[in-house]
Amino acid sequence: MTRLAVTRALRSIPRATILSRPPQFPRTPSFRNRAPPSLANYNTRNLSGTARRLSDDDDERKWSTPLAKQLAEAITATGPVPLASFMRMCLTGDIGGYYTGAIEKSEQNRDQFGVKGDFVTSPEISQVFGELCGLWYVTEWLAQGRPSKGVELIEVGPGRGTLMDDMLRTIQNFPEMAKSIDAVYMVEASPQLRMAQKNLLCGEDAAMSESKVGYHSHCKYGDIPIVWTETIKSIPYDPEKTPFIMAHEFFDALPIHAFQLVQVPPTEPASPSSIATITTSGPKQSKQPRTSGSTTGPILEWRELLVSPIPPFSTHTTLRTPASHNPHLTPPPDFQLTVSPSPTRHSLHLPDLSPRYRAIKSSSPSSPSPSPSSSSSTSSSSPKPLAVLPDGTTQAGALIEICPDAFLFASDFATRIGGSPAHPKPSPRGAALILDYGPGDGSVPVNSLRGIRKHHLVSPFAEPGLTDLSADVDFTAIAEAATNASEGVEVHGPVEQAWWLEGMGGRERVEQLAKRSKGGDDEEEKDKFVKDLRRSWDRLVDRGPNGMGRIYKALAIVPENDGRRRPVGFGGDVVM
C-alpha cells in the first residue's frame, strides 16, 4: 500500500516541475566516506603541565588566514582551546567564518556549494530528493488528521534554499496542506546565504523587512510568510502549532568535543581534591572527588583533546601530513590537537552524560601495561594514552566525540513536537526528519573530523575559515536526547538513505520524469536529461562501501503513539 499510495501522490506533480540540473559531485564523495584518519594524522601531541606559549619568534610568523591569527592570539592569552570552540569560530565566527563571509572576501564568485565550491548536497544533485522530503511531510500531515491551520515548516541549515524550494513546490500539489501552512522558518546564521535563500524562494525583487525575531518576506509559492532567524530559539514555542522540521546535513557541521581515555598515576586517600581545569578563560580550581578511597594502581580518566598552534616554520614534511590530506592543496596546517595534561570542565562532565560513554570507560582494564614507546617518551607524572587495539577492543587510549549542540537541537525538536514540563502541549503533533551521515549501528563516532576544500579532503586545521569542517553524526545520541526531552515523541531509524528513498517511491518518480521528457524536437537534449536524471538517482541510492545510499542515514522524530504507526519510509504505510 505504501508504494502504491506514494506513487499516486507523485503522479499528481505536474510536468512543469521537471527541472534540469547538471550532474554534480555529492557533498560526501569517497574521501568523506572512508574510514576516518588516525589521530596521529592530526599532529597530536601530549602537553607536559603547562600550555605552550608563542615565542618572540612567532610574532613575525605569517598565519594562513586572518581567523588563524585571531585564534592564535586567543590561545596565547588563554591556552589551548576545546575542539568545539575552534570549530565554532572556523564555521560561524564573526571574523572570517566559513559560513559568515570568509570565502566571499577571499575568493570572488565562489560559494560553499556546487561544482565551483567545496561540496554538493543531495538536493543539488537531483530534484527528486527534495520532492520526496516534501512528500514525507505530506504523509505526516495526512496521518496527523490533516490540520487546516497552524502548520510550520522549519529548516535548520538550509544552504542555498534548494531543498526548501523543492519541498514547497511539491506541497503546492496538495492544496489543503499548502493552505494550512502559517509560516516557513529558515534558521540561518549567514547573511550571504540568507540573501541567496530569499532570492530563490521569494524572488530577487521581493522586499525583506527586519524585526526582533528576524527577517521577513513572502514566498513565491502561495505568498506564504517566510521568517529567517539566526537561532531556533528565536522561533516561538506554540502548543497549538504543528511544526514540521527539516535537518539535512546540519548536525554534521555542529561543533564536537573530543576525548581520549588515558592512564594517570594513583591518587592519595583524601577528601575531595582540588583539580585544576583548563577553561577558555584560563586555569580554574574546582572541588571534585577523584576517587572513593586509596588507589594503589593507575586509574583511567577522560582527557580532552585541545587545539594549539603548531611550531613556527613547520612544513608538510616536518609535520608528516598524510597524503590523504592532499598537502599540495593547502599551506601547512596552523594548528594541531593536543592532549590536556589535566581534566577540563568538559572532560569531567560530558563523558558522563550517557550510559554509552560510561560503558566505554567501565569496560576498559583499570591498569593496562603501557607499551615501551609510551613509557619511554612520557614522564611518570603525565597521562599515558595507550593505543586502541586493532580489533577495536576498548581500553585506555579509546577516543570518543561528543556534540552537546546536537543534544540541544534534538531536545528542541522533540519539545516542539511532543511538549515538555516547561512547554506543555495538549497533544503531540508535528514531525522532524534528519538526514545526515554517521554510524547507524549505535557506535560512538571517533576520529571523524574532516576538512574539505574544493571537493578534496584536507587537514581540518589548514586555512581556518576557508576550509569546511564536518564530523560524523551520532544518531543514537540524537535519539536519546529527543526521548529524554519529551515523553510525547518516539524516534524511528536511523535507516540507510537508499532504503528511505526507495520506500518513498523515488524510483517511480525518476521513471515518471523520464517518460515525461520524451517527445519534442530536441531528442538528443532529452536523452541527455534522462541519462543525467538516472545517474543522479543512482548516486543518491548507491549502496557501495562509500556510496551515499549507505553512508547517509534518515531518522524521524514523530508524536508518540505506542508504536501503532510507523512513518512512511521507515516501514510504515500512508494513512489517507
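Quick caveat: nothing in here was measured; it's all calculated off a predicted structure.
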(message) Between Asp165 and Lys220 (salt bridge meaning N to carboxylate O under 4.0 Å), is one present in this structure?
(response) yes

(request) Give, for atom CD1 of Ile478 and atom CG of Asp436, the distance between the pair rounded to the nearest 0.5 Å. (result) 7.5 Å

(request) Would you indicate whether the side-chain heavy atoms of Ser443 and Arg356 approach each other to under 4.5 Å? (result) no

(request) Return the orientation label for the Trp136 and Phe570 ring planes: parallel under 30°, perpendicular over 60°, tilted otherwise. (result) perpendicular

(request) Rounded to the nearest 0.5 Å, what's the gap from CG on Asn199 to OG on Ser217? Could you check? (result) 9.5 Å

(message) Distance alone, cut at 3.5 Å: any donor-acceptor contact between the side chains of Arg194 and Gln197?
(response) no

(message) Just checking Phe250 against Phe409, ring centres under 6.0 Å apart?
(response) yes

(message) Check this for me: does any side-chain nitrogen of one of Lys531 and Asp527 sit under 4.0 Å from a carboxylate oxygen of the other?
(response) no

(request) With rounding to the nearest 0.5 Å, note down the distance linking CD in Glu210 to CH2 in Trp228. (result) 13.0 Å

(request) Please test Met167 against Thr170 for side-chain contact (heavy atoms from CB on, under 4.5 Å), starting from the C-alpha separation and ending with a verdict. (result) CA-CA 5 Å; Met167 288 170 51; Thr170 301; 5.8 Å; no

(request) State whether Lys198 and Glu204 are salt-bridged, where the test is any N-O pair (Lys NZ or Arg NE/NH1/NH2 against Asp/Glu carboxylate O) under 4.0 Å. (result) no

(request) Output yes when a side-chain donor or acceptor of Asp562 lies under 3.5 Å from a complementary backbone atom of Arg564, and no otherwise. (result) no

(request) Decide yes or no on side-chain hydrogen bond (donor to acceptor under 3.5 Å, both in side chains) for Gln144 and Glu140, but give the supporting numbers first. (result) CA-CA 6 Å; Gln144 297 181 36; Glu140 281 299 307; 3.0 Å; yes

(request) Taking only Lys NZ, Arg NE, NH1 and NH2, and the carboxylate oxygens of Asp or Glu, determine whether Arg550 and Asp542 approach each other closer than 4.0 Å. (result) no

(message) So Val568 and Met504, do their side chains get closer than 4.5 Å, heavy atoms only?
(response) yes

(message) Please evaluate residues Lys425 and Glu240 with respect to the criterion salt bridge (Lys or Arg N to Asp or Glu O under 4.0 Å), reporting the C-alpha separation (whole Å), side-chain torsions for both, the decisive distance (0.1 Å), and the verdict.
(response) CA-CA 8 Å; Lys425 198 167 186 175; Glu240 301 302 321; over 6 Å; no

(request) Could you please spell out the steps behind the side-chain contact (heavy atoms from CB on, under 4.5 Å) verdict for Thr162 and Gln127? (result) CA-CA 9 Å; Thr162 305; Gln127 70 177 79; over 6 Å; no

(message) What's the separation between atom CD1 in Ile256 and atom CD1 in Ile400, rounded to the nearest 0.5 Å?
(response) 11.0 Å

(message) Which residue in the set Tyr552, Phe251, Phe475 passes ring-ring contact (aromatic ring centres under 6.0 Å, His included) when paired with Tyr437?
(response) Tyr552

(request) Using the test side chain to side chain contact (heavy atoms under 4.5 Å, CB included), find all partners of Asp205 that sit at least two apart in sequence or belong to another chain. (result) none

(request) Would you mind reporting whether Lys553 and Val495 have side-chain heavy atoms less than 4.5 Å apart? (result) no

(message) What I want to check is whether the side chains of Ser190 and Gln192 have a donor and an acceptor closer together than 3.5 Å.
(response) yes

(request) Would you check if there is a donor-acceptor pair between the side chains of His216 and Ser211 at a distance under 3.5 Å? (result) yes

(message) Any salt bridge linking Arg565 with Asp573? Criterion: basic side-chain nitrogen under 4.0 Å from a carboxylate oxygen.
(response) no

(message) Donor-acceptor pair, distance only, cut-off 3.5 Å: does the side chain of Thr483 make one with the backbone of Glu480?
(response) yes

(request) Could you tell me whether the side chain of Glu401 and the main chain of Asn447 form a donor-acceptor pair under 3.5 Å? (result) yes

(message) Between Glu490 (side chain only) and Asn561 (backbone N and O only), is there a donor and an acceptor less than 3.5 Å apart?
(response) yes

(message) Quick one: does any side-chain atom of Glu152 pair with a main-chain N or O of Ile181 as donor and acceptor, under 3.5 Å?
(response) no

(request) State, with a plain yes or no, whether a side-chain heavy atom of Ser180 is found less than 4.5 Å away from one of Trp141. (result) yes

(request) Would you verify whether the NZ or CZ of Arg169 falls within 45 degrees of the ring axis of Tyr221 while also being under 6.0 Å from that six-membered ring's centre? (result) no

(request) Please tell me if the side chains of Cys133 and His248 come closer than 4.5 Å, counting only heavy atoms from C-beta onward. (result) no

(message) Return the CG to OG distance between Asp532 and Ser126, rounded to the nearest 0.5 Å.
(response) 10.5 Å

(message) Less than 4.0 angstrom from a charged side-chain N to a carboxylate O is my criterion; do Lys241 and Asp182 meet it?
(response) yes

(request) Decide yes or no for Tyr137 and Val151: does some side-chain heavy atom of the first lie under 4.5 Å from some side-chain heavy atom of the second? (result) no

(message) Evaluate Leu67 against Met89 for side-chain contact (heavy atoms from CB on, under 4.5 Å), listing each step before the verdict.
(response) CA-CA 8 Å; Leu67 179 58; Met89 287 292 293; 3.9 Å; yes

(message) So Leu469 and Leu91, do their side chains get closer than 4.5 Å, heavy atoms only?
(response) yes

(message) So Ile224 and His218, do their side chains get closer than 4.5 Å, heavy atoms only?
(response) no

(request) Begin from the C-alpha positions of Thr415 and Asp412 and carry the test side-chain contact (heavy atoms from CB on, under 4.5 Å) through to its verdict. (result) CA-CA 5 Å; Thr415 299; Asp412 185 279; 5.8 Å; no

(request) For Gln497 and Leu540, indicate whether the former's side chain and the latter's backbone hold a donor-acceptor pair under 3.5 Å. (result) yes

(request) Examine distances only and state if a side-chain atom of Thr467 and a backbone atom of Ala462 form a donor-acceptor pair shorter than 3.5 Å. (result) yes

(message) Quick test of your reading of the model: are Asp538 and Arg534 salt-bridged, counting only N-O distances below 4.0 Å?
(response) no

(request) Keeping the roles fixed (side chain from Thr242, backbone from Gly430), state whether a donor-acceptor pair exists under 3.5 Å. (result) no

(message) Check Asp472 with Arg450, please: is the shortest side-chain N to carboxylate O separation under 4.0 Å?
(response) yes

(request) Identify which one of Val156, Ile154, Leu433, Leu153 satisfies the side-chain contact (heavy atoms from CB on, under 4.5 Å) criterion when paired with Met246. (result) Leu433

(message) Holding to side chain to side chain contact (heavy atoms under 4.5 Å, CB included), I want the full list of residues that pass it with Ala481, two or more places apart in sequence or in another chain.
(response) Phe407, Ala410, Ser411

